[in-house]
Amino acid sequence: NLISYAMLAFIAIKLSGSFKQVIAVVTLLPMNIYLAASFNQDGFAIGLVLVTIGLFINLLSSKDKSNYNTKFFLYLVLCGLLVLSKFTYFLLVCLPLFIPNEKFGKNTKLVILKKLGGLLLIFLFAAMWFRLYGQVKTPYVADFLKEVNVSQQVKNMLESPIVYSSIIIRHMVINLINMNNIFQFGALSYGITNLFPLYVCFFFFVYISNASKITINIVEKMGIIFVISAIIGATVLAMYLTWTPVGSSTVLGVQSRYLIGIIPLVLLLFSSQQQKFKQIEDILSDKLAIHVSLLFILAMLMSTIFRYYH
């Protein structure tokens, strides 16, 4: 699992070009290393998400148009794999819609047809997989799961769309702004959440060091906002339908680690070509960024050791 994650991380960094420092720092998040070094399938899934985002950044920033169609085909394949491994992240397939058509070729109608055709194909595959996966009966791991009923939950939401939409939106916002649990390892009672403010400061320096490296227009930014919102919304909705008792006013089971994949997109969203950002570009060297990331991983290891062997 760890070797697979390391290989995927390497590919993601290579694909992301000038944005490689951001991707490298995200791949070295303590939670990602923790997951990759365990039996959790999220190690592979997050690696796949980062490769997909790396390829999107490549499509977005590359000036070489000769192999755009090949890259786009590979992007669709990756989104198809995300359907099977990290379901809500298949929505990344929407991102190429917002890249200017001229980057894909001179025939605008054909380019639009390819984009929409690829989008439809992945959405159909996702619908088929969701239907098939819904037939799998998983054992109850907690008593409250006996009160979970997807069809009844959907029925309630259709009958009172305003009430249940407000629940979903509220928890979308809560989970976006409350990311400190990204440093708490699953349901375990330990972690390094006390270091989260320091990590935010570190990540701020990563951001300003890379803010001017990629140019994106307003349409591309709107597309990124749409996809980030869709992924968060789909994640919260999935947990509300499959992990929350019918009629509950709260959403159970949503963990910060489910949103790790959107972090590079958030930093990409705030890319800026303002002169003040250009003046401080690369203020944080790649070497220093890696070393600081490794210090946080070391803190994770020490936390684990002290939890069990103090």
I'd like a table of donor-acceptor pairs (distance under 3.5 Å, sequence neighbours excluded) in which one partner is a side-chain atom from residues 26-33, with atom names and distances.
from, atom 1, to, atom 2, distance (Å)
Thr27, OG1, Ile23, O, 3.4
Thr27, OG1, Ala24, O, 2.6
Asn32, ND2, Tyr5, OH, 3.4
Asn32, ND2, Val26, O, 2.7

Identify every side-chain donor-acceptor pair in residues 234-241 under 3.5 Å, counting partners at least two apart or on other chains, and give the distances.
from, atom 1, to, atom 2, distance (Å)
Thr235, OG1, Thr88, OG1, 3.2
Thr235, OG1, Ile231, O, 2.7
Tyr240, OH, Ser248, O, 2.6

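For Tyr199 and Phe202, the gap between ring centers is short of 6.0 Å.
Applying the 6.0 Å contact sphere to CG of Leu158 captures more than 12 heavy atoms from other residues, nucleotides or ligands.
Between Leu269 and Val266 the shortest side-chain heavy-atom distance does not fall below 4.5 Å.
In terms of modelled atom types and a separation under 3.5 Å, the side chain of Asn67 and the main chain of Thr70 share no donor-acceptor contact. Within the 3.5 Å criterion, the main-chain N or O of Leu35 finds a donor-acceptor partner in the side chain of Ser38.
Residues Asn101 and Lys115 bring a donor and an acceptor atom of their side chains to less than 3.5 Å of each other. Using modelled atom types and a 3.5 Å distance limit, the side chains of Gln153 and Asn149 yield no donor-acceptor pair.
Here ring-ring contact (aromatic ring centres under 6.0 Å, His included) pairs that include residues 81-100, with residues two or more places apart or in two chains, are Phe87-Phe90, Phe87-Phe130, Phe90-Phe123.
Contacts of Ser209 classified as side-chain hydrogen bond (donor to acceptor under 3.5 Å, both in side chains), with partners at least two apart in sequence or in another chain: none. By the ring-ring contact (aromatic ring centres under 6.0 Å, His included) test, Phe44 pairs with no residue at all, sequence neighbours left out. Residues satisfying the ring-ring contact (aromatic ring centres under 6.0 Å, His included) test with Phe72, not counting sequence neighbours, are Phe104.
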